[in-house]
Enquirer: 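First the structure, then my questions, so here it is.
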Amino acid sequence: MTKKKIFIIAGTVVLVAVLAGLVLPKILNGSKEELVAEAPPVVTAQKPQIRSIEISNELMGTIEPDSIVHVTPLDSGEVTSVAVKTGDTVTAGQLLCVIDTKKVESTRIAMETSRITYEDAKKNLDRYTVLHAAGDVSDADYQSTVDKVEISRLQYENAKISYNLQVESSQVTAPISGKVESFNISVHDMISPQTAICVISGDGGKSLTFYVSERIVNGLKAGDSIRVEKNGTDHDATITEVSTMVDSSSGLFKVKASIPSGDTLATGTSVKLYVTAQKAENVLTVPVDSIYYEAGKPFIYTYLDGTLKKNAVTIGLTNNEYAEVQSGITADDQVVVTWTSELYDGSKVTLSEENTQGNETGVETSASAQ
């Protein structure tokens, strides 16, 4: 055991001596190994650009006619005839159905009675006029006859109005020109003013109804353009109404738009639509990848004379590519758009060959505005 330990110790001494023999001569000679300095990292920089940023939202909407009317009768009665069916195209004033209200004939008789009374009163006035001119009728009697004629005329006019109203009530006509989307009655049905006879969609384009959140509705107004997509085909639409009251059934805000070229879109179908919820026009922007965050606060590195500067910035509207910079840099700054692990305030860097060539030839290296 003692010999083995001595042997190991001796071997260690020899190894140390060998290593010392390799190192000591360099120290004694006063020479030391030089450290090679690493080259500064290469970065790419570009100037901020003035552009407009939009944020679009994809939503779903329902196609409706541009104008739609629910037709109801003015009076109760039995349907005696129908003149149209679902799918028919009608013109304004066209007969839809006839109702027996049990009042048309009675008002017609009353009108005829009033007419006869009025005509008799006029004949009597003609006779009295001659007698009054001859002095055979007093002024008072003559004036009384004139008054009776006027009363008879008014009664006749009133009877005509009543009759026409009953005829109108019994003959239901189309209030607008368009397509009969649904027709809900048949002959011998008993109907009332609460009965929906039919639904007519007006001629022309289609409209679109959709619902949005409060965040989106604040960026919408009547006259804004939106894009509608159905089965791979795009249609242009224009917002016509933006509700300022929350819809009780959905908890959202109702918006309507007009689609002039939407004749091929079936009523009641669902479509995709794209609205611009937020927009910043002609603002200073940088690529989103050039923005860094520290403790939740944004900053940007800029390049000047081979050195980086860390700039605290205020960021506005941002999309997938660009961000609005409201403060912290100017349009003349060179914003670093590449990343290395050696980016920090005051670090020495080298511009990429692309930047150098662009500066030598006077070619702007920043991205063009979109």
Side-chain angles (χ1 to χ4, degrees), residues 59-104 107 161-212 222 226 228 230 235 237-271 273:
L59 304 169
M60 296 298 294
T62 303
I63 297 297
E64 298 176 350
D66 230 359
S67 59
I68 188 167
V69 176
H70 297 262
V71 181
T72 58
L74 296 176
D75 207 339
S76 301
E78 179 185 0
V79 178
T80 57
S81 68
V82 295
V84 298
K85 61 182 182 300
T86 299
D88 285 353
T89 299
V90 296
T91 58
Q94 182 175 334
L95 181 66
L96 300 177
C97 68
V98 177
I99 307 169
D100 181 8
T101 64
K102 308 298 183 182
K103 297 177 182 178
V104 175
T107 54
I161 293 173
S162 297
Y163 173 72
N164 291 333
L165 285 175
Q166 290 304 317
V167 171
E168 183 180 351
S169 298
S170 66
Q171 297 182 354
V172 182
T173 58
I176 62 172
S177 299
K179 182 180 180 181
V180 179
E181 299 289 351
S182 64
F183 196 83
N184 307 313
I185 61 171
S186 301
V187 176
H188 304 307
D189 284 351
M190 298 299 297
I191 60 176
S192 70
Q194 288 73 42
T195 304
I197 294 177
C198 65
V199 177
I200 301 175
S201 60
D203 291 335
K206 297 292 178 68
S207 67
L208 172 69
T209 298
F210 58 99
Y211 296 85
V212 299
I226 61 177
V228 178
K230 180 67 174 180
H235 301 269
T238 303
I239 293 177
T240 56
E241 298 178 25
V242 180
S243 176
T244 57
M245 182 181 297
V246 173
D247 181 74
S248 58
S249 59
S250 65
L252 301 171
F253 293 86
K254 183 178 181 180
V255 182
K256 296 195 70 174
S258 175
I259 314 176
S261 61
D263 293 341
T264 59
L265 299 173
T267 299
T269 58
S270 296
V271 295
L273 60 110

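All values below were derived from every heavy atom in this structure, side-chain atoms included, with hydrogens, water molecules and symmetry-related copies excluded. Nothing fancy with the numbering, it's 1 onward along the sequence.
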Enquirer: Strictly by modelled atom types, are Glu64 and Thr209 linked by a side-chain donor-acceptor pair under 3.5 Å?
Expert: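 Yes, a side-chain donor-acceptor pair sits under 3.5 Å.
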Enquirer: Taking Thr238 for its side chain and Ser258 for its backbone only, find out whether a donor-acceptor pair lies under 3.5 Å.
Expert: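 No.
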Enquirer: Can you find a pair of side-chain heavy atoms, one from Val199 and one from Phe183, that are under 4.5 Å apart?
Expert: no
Enquirer: Atom CD in Gln171, atom CD1 in Ile99: separation rounded to 0.5 Å?
Expert: 10.0 Å
Enquirer: Would you check if the side chain of Thr80 reaches a backbone N or O of Val98 as a donor-acceptor pair within less than 3.5 Å?
Expert: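 Checking the backbone N and O of Val98 against the side chain of Thr80, a donor-acceptor pair under 3.5 Å is found.
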Enquirer: Is a donor on one side and an acceptor on the other found under 3.5 Å between the side chain of Lys206 and the backbone of Leu265?
Expert: yes
Enquirer: For Lys230 and Thr264, what are the C-alpha separation, side-chain angles and deciding distance, and is it a side chain to side chain contact (heavy atoms under 4.5 Å, CB included)?
Expert: CA-CA 10 Å; Lys230 180 67 174 180; Thr264 59; over 6 Å; no
Enquirer: Checking Asp88 side chain against Lys85 main chain: does a donor-acceptor pair fall under 3.5 Å?
Expert: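 Here the side-chain-to-backbone pair exists.
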Enquirer: Taking the side chain as everything from C-beta on, heavy atoms only, tell me whether Ile63 gets closer than 4.5 Å to Val271.
Expert: yes
Enquirer: Between Asp189 and Thr195, is there a side-chain heavy-atom distance shorter than 4.5 Å?
Expert: no
Enquirer: Mind checking whether Tyr211 and Val255 have side chains closer than 4.5 Å, heavy atoms only?
Expert: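 No, every pair of side-chain atoms sits at 4.5 Å or beyond.
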Enquirer: Under the 3.5 angstrom rule, does the side chain of Lys254 hit a backbone N or O of Met245 as a donor-acceptor pair?
Expert: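 Absent.
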Enquirer: Can a donor-acceptor pair be found, under 3.5 Å and without considering hydrogens, that links the side chain of Thr86 to the backbone of Glu181?
Expert: no
Enquirer: Are any non-hydrogen side-chain atoms of Pro193 and Ser76 less than 4.5 angstrom apart?
Expert: yes
Enquirer: Could you report the tightest heavy-atom contact between Ile191 and Pro73, atom names first, then the distance?
Expert: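 Minimum heavy-atom contact is CD1-CG, 3.9 Å.
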Enquirer: Are Thr267 and Lys179 packed together at the side-chain level, in the sense that at least one heavy-atom pair is separated by less than 4.5 angstrom?
Expert: no
Enquirer: Using the side chain to side chain contact (heavy atoms under 4.5 Å, CB included) rule, take Phe210 and Ile226 through it: C-alpha gap first, then chi angles, then the decisive distance, then the call.
Expert: CA-CA 12 Å; Phe210 58 99; Ile226 61 177; 4.0 Å; yes
Enquirer: Checking side chain to side chain contact (heavy atoms under 4.5 Å, CB included) for the pair Ser207/Thr240: CA distance, chi angles, key distance, verdict?
Expert: CA-CA 9 Å; Ser207 67; Thr240 56; over 6 Å; no
